[in-house]
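First comes the structure, then the notes that go with it.
Quick note on labels: first sequence line is chain A, next is B, and so on, each numbered from 1.
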Protein chains: 2
Amino acid sequence: MINVKQQHMVEVRRKFIAFLEKKGQRKTAERFLILDKIYERTDHFDAEALYHLVNRQRHHVSRATVYNTLELLVDSGLVMRHQFGNSSSQYEKAYGYRQHDHIICVRCRKVVEFCDPRIQQIKTRMGELLHFKITSHELHLHGYCESCQQQIDLEGSASQ
Amino acid sequence: MINVKQQHMVEVRRKFIAFLEKKGQRKTAERFLILDKIYERTDHFDAEALYHLVNRQRHHVSRATVYNTLELLVDSGLVMRHQFGNSSSQYEKAYGYRQHDHIICVRCRKVVEFCDPRIQQIKTRMGELLHFKITSHELHLHGYCESCQQQIDLEGSASQ
DNA sequence: ATAGTTGCAAAAGCTTTGCAGTATG
DNA sequence: CATACTGCAAAGCTTTTGCAACTAT
């Protein structure tokens with residue numbers, strides 16, 4: 001199990017190295033540290049959380065570098081950027097992680113991932129129809145999760 | 001034709017009035033002015049653009065009021081809020097305007113609207129599966145529009 | 001009358017930038 | 001060794017907030 005994980009990280013780093021070389025960018029320790037930290041987690045995070053995560057033990061990496069590296073990683077396709085609410089950008093690792101979309105509870109802000117093959121059909125069809133070469137997409141469904149819905153029902157029947 | 005438009009605005013204002021009354025909010029001149037300005041245009045705009053639009057002739061409405069009213073209008077369902085890039089929130093009128101999604105050129109930032117019935121199927125299916133009561137969605141396709149794609153092809157064949 | 005709204009300016013929050021020092025290729 | 005990157009702090013932008021004045025109900 002651990003070997004599979006390590007193998008995966010080797011592959012991810014290789015991808016990043018290839019990207020940096022293609023772009024003529026340097027392979028700095030900070031960039032790899034950030035990459036590793038991002039791939040340690042499976043959930044969403046924002047730049048500030050990543051900044052603290054990276055600086056938890058010993059290391060020091062500035063916010064500027066965190067933002068700069070996130071930009072590179074998004075460009076390289078190794079990290080995805082999302083804007084859920086009106087708050088800050090959310091990021092998540094993207095490589096070797098199945099393509100998925102998000103359903104967000106408008107009340108408790110919980111985010112659940114899902115997959116639906118129809119989205120691929122839409123991308124193909126609309127790309128043809130509108131003459132776009134589609135490279136990516138983002139689908140957000142908004143609504144009330146089960147527990148929030150229950151609470152709302154309770155409140156509704158209790159008062160007024 | 002003009003009558004149809006006027007009729008539509010009467011309906012929109014009525015909707016807004018109903019919302020304000022339900023929420024116990026006041027029906028101020030500023031709020032209706034902002035609503036009218038929004039419904040005069042069919043494209044997307046941000047809060048700053050709306051602020052200037054509202055203050056073009058005579059009237060004076062502050063940014064705070066613009067933001068405050070946009071919030072109300074989004075809550076009432078009369079206006080939709082989108083986050084396309086990393087820039088500011090984009091808004092557009094929502095009532096009586098067919099449901100649609102957006103395809104965005106990552107190079108020139110052009111935004112085109114489209115409809116696909118499959119999105120409704122996804123909403124219904126995922127709502128059931130994940131026990132969410134879906135209220136809305138946002139689908140963004142990202143890619144290269146025809147003209148940007150052509151320019152890229154030219155650049156690619158010209159240099160290196 | 002009185003509670004909600006407005007306008008203003010200041011503050012807040014996220015992200016970017018300029019510059020001097022540092023490290024990579 | 002030249003150039004690109006980092007860290008820091010300051011600036012930039014969008015959006016929110018506090019407060020006094022105002023106004024719809």
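Cation-pi geometry between A/Lys22 and A/Phe19 is not satisfied (NZ or CZ under 6.0 Å from the ring centre, within 45° of the ring normal).
In this structure A/Arg63 satisfies the side chain to side chain donor-acceptor pair (under 3.5 Å) test together with A/Glu48, sequence neighbours excluded. Looking at residues two or more places apart in sequence or on another chain, you find a salt bridge (charged side-chain N to carboxylate O under 4.0 Å, His left out) between B/Lys27 and B/Glu21. Under the ring pair (Phe, Tyr, Trp, His ring centres under 6.0 Å) criterion, A/His140 pairs with A/Phe84, sequence neighbours left out. Residues passing the ring pair (Phe, Tyr, Trp, His ring centres under 6.0 Å) test with B/His131, sequence neighbours excluded: none.
If you take CZ of A/Arg81 and P of C/dC14, they are 15 Å apart, rounded to a whole angstrom. Rounded to whole angstrom, the span from the CZ atom of B/Phe84 across to the P atom of D/dT14 amounts to 17 Å. Remark: C1' of C/dT15 and CD of A/Gln90 are 15 Å apart, rounded to the nearest angstrom. A/Asn68 places its CG atom 12 Å from the C1' atom of D/dG7, with the value rounded to the nearest Å. Distance, A/Tyr67 OH to D/dC13 P: 16 Å, rounded to whole Å. Separating the CG atom of A/Leu72 from the C1' atom of D/dA4 is a distance of 12 Å, rounded to the nearest angstrom. In this entry the distance linking CG of A/Leu70 with P of D/dC5 reads 16 Å, nearest Å. Here D/dT16 presents its C1' atom at 15 Å from CD of B/Glu48, a figure rounded to the nearest Å.
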For nucleotides 8-10 of chain C, tabulate all protein N/O to nucleotide N/O atom pairs closer than 3.5 Å, reporting atom names and distance.
{"residue": "C/dC8", "atom": "OP2", "partner": "B/His60", "partner atom": "NE2", "Å": "2.5"}

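A donor-acceptor contact shorter than 3.5 Å is absent between the side chain of B/Ser89 and the backbone of B/His82.
Of the options A/Leu73, A/Leu50, A/Ile38, A/Val74, a side chain to side chain contact (heavy atoms under 4.5 Å, CB included) to A/Tyr91 is made by A/Val74 and by none of the others.
Between B/Leu35 atom CG and B/Lys15 atom NZ the span is 12.5 Å, to the nearest 0.5 Å.
Between the side chains of A/Tyr144 and A/Arg107, no donor N or O sits under 3.5 Å from an acceptor N or O.
Between A/Ser89 and the phosphate of C/dT15, there is a side-chain N or O to OP1/OP2 separation shorter than 4.0 Å.
DNA chain C lies under 4.0 Å from at least one heavy atom of each of the following residues of residues 18-35 of chain A: A/Arg26, A/Lys27.
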